[in-house]
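Only one structure is covered here, and it is reproduced in the block below.
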Amino acid sequence: TSSPGQVLLPIANWKPKQPPVVGDDIGPQIVHVYELLNSGPSTISKAALEVEWPYQFKNGSLLYITSYETEGPINCTTDMEINPLNVSNPLSSVKNTSGVPPRERETEGRNRQKRDLESRDAQSDLQTLDCTTADCLRLKCQVGRLERTKNAILFIYSRLAVDSFLRTENQNRSYVVRSSGSFTVIEMPYKNLVSDLPSNSTTVSVSVLWVADAPQPVPGWVVALAVLAGLLLLALLIFIMYKV
C-alpha cells in the first residue's frame, strides 16, 4: 500500500531549500508498505523479498528514501546509500504510516472540493514512472521463519521530490510513480509436501496529479465598492433625467 495514494501539485506556499535539512524541504512524505503474510497451511522456513524503487528521473530525484523499517523476522539491505543528504524525517514511524504531513494536509484541504472532478480528468493522461522509465535502486530482504497467519513487513519512508516536478518540462503533467516487489519462498520445513515453492509479485503506486489552482474568491471590499459605485451611478442617472 501507499500512504498517501495521491499527491496534488503544485503545493501552496512550498519552496525548495538547498541543501534540504528536513524532509519537508524535499516534499511530502510517501510511505510504501510491503507485507508478506503466510496464509498457510504450512510454516515458511525462509523467503526472499526484493523491492525495486524508482529514485531518479531525468537526472532529478524522484522518490527520495529517508529510511526504512521492518517488523517481524525480516532483514533488508540496499545496493545504494540511503538518505545521503542526511535529512531529518520526524514522521518516520510505523505508527504514522497513515499520517499526512502538514503541508500536504493544507494542499488537500485547499483542493478537497475540486479533487474528484479534476483527479478523474487527470487519470486519463498519466505517465507511469517505474523501473522501465526511471532509475531504480533495490532493497533485498531475507525473511526468516513465518508461522501460519504470521507476517513480515517492510516500511519504506520517502519524500516526493517536488522540485523535479516543478521543472518546466514536467509541469502540467500527471504521473503514477510505482515501486514493485517480488517474493520467493526459499525453504519449507517439509520439503516433500511441496513440489513448487510459492512466489509472487506486486506493485505499489502513488499518483502525482497536476491541478490548476482554484480561482481566488473576490474580496468583500471589492464587492461592496462595486455595489456602491453602481448605486451612485444609478442615482446620477435619476438626477440627470429628473433635471431634463
From [atom1] ([X]) to [atom2] ([Y]), nearest 0.5 Å:
{"X": "L129", "Y": "Q56", "atom1": "CG", "atom2": "CD", "result": "12.5 Å"}
{"X": "H32", "Y": "S2", "atom1": "NE2", "atom2": "OG", "result": "3.5 Å"}
{"X": "Q171", "Y": "W210", "atom1": "CD", "atom2": "CH2", "result": "4.0 Å"}
{"X": "M188", "Y": "S42", "atom1": "CE", "atom2": "OG", "result": "4.0 Å"}
{"X": "E52", "Y": "D79", "atom1": "CD", "atom2": "CG", "result": "9.5 Å"}
{"X": "L139", "Y": "I65", "atom1": "CG", "atom2": "CD1", "result": "5.0 Å"}

Which pair of heavy atoms, one from [X] and one from [Y], lies closest together, and at what distance?
{"X": "L154", "Y": "C76", "value": "CD1-SG, 3.9 Å"}
{"X": "N151", "Y": "P73", "value": "O-CD, 4.0 Å"}
{"X": "P54", "Y": "A134", "value": "CB-CB, 4.2 Å"}
{"X": "S39", "Y": "R148", "value": "O-NE, 3.8 Å"}
{"X": "N38", "Y": "I44", "value": "ND2-N, 3.7 Å"}
{"X": "W53", "Y": "C131", "value": "N-SG, 4.4 Å"}

- Task: Assess whether side chain to side chain donor-acceptor pair (under 3.5 Å) is satisfied between S179 and Y34, documenting all intermediate values.
- Result: CA-CA 10 Å; S179 66; Y34 284 91; 2.7 Å; yes
Any [X] side-chain heavy atom under 4.5 Å of [Y] side chain:
{"X": "L9", "Y": "V208", "answer": "yes"}
{"X": "L137", "Y": "Y55", "answer": "yes"}
{"X": "Q6", "Y": "L8", "answer": "yes"}
{"X": "V22", "Y": "V87", "answer": "no"}
{"X": "S180", "Y": "S201", "answer": "no"}
{"X": "V7", "Y": "I30", "answer": "yes"}
{"X": "V177", "Y": "S205", "answer": "no"}
{"X": "K58", "Y": "N170", "answer": "yes"}

Donor-acceptor contact present, side-chain [X] to main-chain [Y], <3.5 Å:
{"X": "T66", "Y": "N83", "result": "no"}
{"X": "S182", "Y": "N200", "result": "no"}
{"X": "T184", "Y": "I186", "result": "no"}

- Message: With a 6.0 Å cut-off on the ring centroids, do F165 and Y175 count as close?
- Response: yes
In this structure, would [X] and [Y] fall into the same cluster of hydrophobic residues linked by side-chain contacts under 4.5 Å?
{"X": "L197", "Y": "F183", "value": "yes"}
{"X": "L36", "Y": "I156", "value": "yes"}
{"X": "I82", "Y": "I26", "value": "no"}
{"X": "M80", "Y": "L62", "value": "yes"}

- Task: Under the side chain to side chain contact (heavy atoms under 4.5 Å, CB included) rule, what do R138 and E50 come out as? Steps first, then yes or no, please.
- Result: CA-CA 7 Å; R138 287 174 174 79; E50 181 171 318; 3.4 Å; yes
So, [X] versus [Y]: side-chain donor-acceptor pair below 3.5 Å or not?
{"X": "T43", "Y": "E147", "result": "yes"}
{"X": "Y68", "Y": "S158", "result": "no"}
{"X": "D130", "Y": "T132", "result": "yes"}

- Item | Lys/Arg-Asp/Glu bridge criterion (N-O < 4.0 Å) met for D24, R159 | yes
- Message: Quick one, V185 with E187, criterion side chain to side chain contact (heavy atoms under 4.5 Å, CB included). Give me CA distance, side-chain angles, the key distance, then yes/no.
- Response: CA-CA 6 Å; V185 173; E187 185 178 320; over 6 Å; no
- Message: According to ring pair (Phe, Tyr, Trp, His ring centres under 6.0 Å), who are the partners of Y64, at least two apart in sequence or on a separate chain?
- Response: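 Applying ring pair (Phe, Tyr, Trp, His ring centres under 6.0 Å) to Y64 gives none.
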- What salt bridge (charged side-chain N to carboxylate O under 4.0 Å, His left out) pairs are there with at least one residue in residues 167-185, not counting sequence neighbours? none
- Evaluation steps, side chain to side chain contact (heavy atoms under 4.5 Å, CB included), between V206 and V176: CA-CA 6 Å; V206 57; V176 171; over 6 Å; no
- Would one find more than 12 heavy atoms of other residues, nucleotides or ligands at under 6.0 Å from atom CG of N75? no
